[in-house]
Amino acid sequence: MQDPNKEEKLIEGEDFYFTPEGYKCFTEKHHLKRGYCCKSGCRHCPYGFDKKTNTIRK
């Protein structure tokens with residue numbers, strides 16, 4: 001379990017990048033470091049979440 005007071009530093013190009021529209025987009029590596037699916041329909045979701053059906057592919 002991580003210490004909630006310890007802030008993890010995000011590394012641009014490794015944990016996230018900025019889209020042409022200026023949004024921060026998290027990478028697959030970041031999602032795997034986090035360790036769970038947030039069910040937000042992320043572009044690089046390694047857990048296979050489908051926002052349309054609200055299911056995770058195994």
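From a predicted model like this one, the values you see are computed outputs, not experimental measurements.
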How many angstroms lie between atom OG1 of Thr55 and atom NZ of Lys39, to the nearest 0.5 angstrom? 9.5 Å
Can you name the closest pair of heavy atoms from Phe49 and Cys37 and give their distance? CB-SG, 3.6 Å
Taken in chain and number order and not counting sequence neighbours, the residues that satisfy side chain to side chain contact (heavy atoms under 4.5 Å, CB included) with Ser40 are Cys38, Cys42
For Arg43, is the CZ atom crowded, meaning more than 12 foreign heavy atoms sit under 6.0 Å from it? no
Between CD on residue Glu21 and OG1 on residue Thr19, distance to nearest 0.5 Å: 4.0 Å
Test question: given the 4.5 Å side-chain rule for I, L, V, M, F, W and Y, name all other residues clustered with Phe18, or answer none. Leu10, Phe16, Phe26
Taking all heavy atoms of His44 and all of Cys25, pick out the closest pair and write down the distance. CD2-SG, 3.6 Å
Which value, rounded to the nearest 0.5 Å, describes the distance between Arg57 atom CZ and Cys45 atom SG? 8.0 Å
Across all chains, not counting sequence neighbours, the side chain to side chain contact (heavy atoms under 4.5 Å, CB included) partners of Ile11 are Glu14, Asp15
Take Glu28 and Leu32 through the side chain to side chain contact (heavy atoms under 4.5 Å, CB included) test and state the conclusion after the steps. CA-CA 6 Å; Glu28 180 178 5; Leu32 291 171; 4.1 Å; yes
Tyr47 (side chain) donor-acceptor with Tyr36 (main chain) under 3.5 angstrom: yes
